[in-house]
Amino acid sequence: MANKPEIDLEEFRRVLGHFATGVAVVTALDSQGTKVGMTISSFNSVSLDPPLVLWSVAKDSLSYDVFVQAKYFAVHVLAMHQKDLVNRFAQSGEDKFDQFDCREGIDGVPILPEFAACFECSTEYVYPGGDHKIIVGRVHSFEEQDADPLIVHRSRFLRKEGSS
Ligand SMILES: Cc1cc2nc3c(=O)[nH]c(=O)nc-3n(C[C@H](O)[C@H](O)[C@H](O)COP(=O)(O)O)c2cc1C
């Protein structure tokens, strides 16, 4: 049997970074009604009819169990002026919401006051995905605000002119 080529995981992560993405914050409520949220770049569209989107959650995230079990969640696509939210919601276990005046969305899911776009979803499927789970959501409502998008390329924010 031929030996499988070894993959250098750091190199793999680095080269994946050529695929520029938006950045989003996904939110939900845990079983106690506490707000949870995390920064993600794995968000993508899946289907128009029915309206489905997906993202993937790492098994080593503190909020992994909450998101895998959540019946509802909201995805906030971040705008360029929201770079500070990226680090804030990428820190494990912090009180990430204390400076935000959230409103209640679908089933009480916290909705941040600002975003480029927001999608309120119910969890339709959860699939295995290696060290992540892939969460497919059915979109129940969406809204947008007039804002330039925040784009990440090779671990850096893309500036407005289109250079990183
Ligand atoms: C730009 C960026 C994109 C990220 N994308 C994801 C992602 O798609 N899925 C994921 O599970 N973690 C992603 N992370 C890491 C989480 O935001 C980070 O692990 C966070 O601490 C998880 O919060 P928790 O441990 O409180 O659940 C990303 C981080 C950054 C900075």
Side-chain angles (χ1 to χ4, degrees), residues 7 9-47 52-100 102 105 108-112 114-139 142 147-160 162-164:
I7 293 242
L9 300 186
E10 277 311 309
E11 278 293 280
F12 180 43
R13 185 205 295 265
R14 189 183 64 74
V15 175
L16 283 173
H18 283 272
F19 188 60
T21 66
V23 190
V25 169
V26 60
T27 59
L29 290 177
D30 72 10
S31 57
Q32 314 295 313
T34 303
K35 301 180 186 91
V36 294
M38 67 188 286
T39 300
I40 61 164
S41 56
S42 52
F43 176 70
N44 222 319
S45 54
V46 175
S47 163
L52 300 177
V53 295
L54 67 73
W55 66 285
S56 56
V57 59
K59 292 182 177 174
D60 60 5
S61 303
L62 287 183
S63 47
Y64 170 80
D65 287 334
V66 176
F67 280 118
V68 165
Q69 288 162 21
K71 291 195 167 67
Y72 298 93
F73 62 91
V75 178
H76 307 75
V77 177
L78 297 185
M80 185 173 273
H81 70 275
Q82 295 182 290
K83 285 179 189 157
D84 53 322
L85 271 71
V86 174
N87 286 337
R88 185 177 184 86
F89 280 91
Q91 276 165 26
S92 261
E94 299 286 310
D95 182 3
K96 305 174 186 181
F97 290 89
D98 60 2
Q99 65 176 225
F100 299 108
C102 293
V109 167
I111 306 296
L112 298 168
E114 292 185 41
F115 44 75
C118 180
F119 301 89
E120 295 185 41
C121 307
S122 57
T123 302
E124 187 89 354
Y125 311 106
V126 178
Y127 295 115
D131 55 11
H132 285 59
K133 281 262 170 94
I134 301 160
I135 296 177
V136 175
R138 177 181 286 257
V139 177
F142 55 87
D148 290 325
L150 184 58
I151 298 171
V152 170
H153 177 236
R154 302 183 76 182
S155 303
R156 299 174 71 173
F157 296 121
L158 217 65
R159 287 201 296 269
K160 196 168 185 174
S163 58
S164 54

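All values derive from a computational prediction rather than experimental measurement. Whatever order the structure lists them in is the order used to number ligands and atoms, beginning at 1.
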Are the side chain of [X] and the backbone of [Y] linked by a donor-acceptor contact shorter than 3.5 Å?
X: His76; Y: Val25; result: yes
X: Gln82; Y: Ala79; result: yes
X: Thr27; Y: Pro110; result: yes
X: Ser42; Y: Trp55; result: no
X: Thr123; Y: Ala70; result: yes

Residue and atom name of the nearest protein heavy atom (relative to [atom]), distance in Å to one decimal:
atom: atom 27 (O) of ligand 1; value: Ser63 OG, 2.3 Å
atom: atom 9 (N) of ligand 1; value: Ser56 O, 2.9 Å
atom: atom 20 (C) of ligand 1; value: Ala90 O, 3.4 Å
atom: atom 25 (O) of ligand 1; value: Ser92 OG, 2.4 Å
atom: atom 11 (O) of ligand 1; value: Ala58 N, 2.8 Å

(Q) Heavy-atom count check: over 12 atoms from other residues, nucleotides or ligands less than 6.0 Å from Phe142 CZ? (A) no
Q) Does a sphere of radius 6.0 Å around NZ in Lys83 hold more than 12 heavy atoms from other residues, nucleotides or ligands, not counting ones at 6.0 Å or beyond? A) yes
Can you tell which of [options] gets a heavy atom nearest to [atom]?
atom: atom 6 (C) of ligand 1; options: Asp131, Thr39, Val66; result: Thr39
atom: atom 26 (O) of ligand 1; options: His132, Met38, Lys133, Lys96; result: Lys96
atom: atom 19 (O) of ligand 1; options: Ser41, Ser61, Ser155; result: Ser61

Nitrogen or oxygen of [X] less than 3.5 angstrom from that of ligand 1:
X: Tyr64; value: no
X: Trp55; value: no
X: Ser42; value: yes
X: Val86; value: no
X: Gly37; value: no

Q | Contact with ligand 1 for Val152, non-hydrogen, under 4.0 angstrom | A | no
Q. Is the ring centre of Phe89 less than 6.0 Å from the ring centre of Phe97?
A. yes
Q. Would Asp65 and Lys133 pass as an ion pair if we require N to O under 4.0 Å?
A. no
Q: May I ask you to test the His153-Phe19 pair for a side-chain heavy-atom distance under 4.5 Å?
A: no
Q: May I ask you to list the atoms of ligand 1 that are less than 4.0 angstrom from any heavy atom of Val57?
A: 11 (O)
Q. Counting only heavy atoms, which portion of Phe89 has something under 4.0 Å from ligand 1: side chain, backbone, both, or neither?
A. backbone
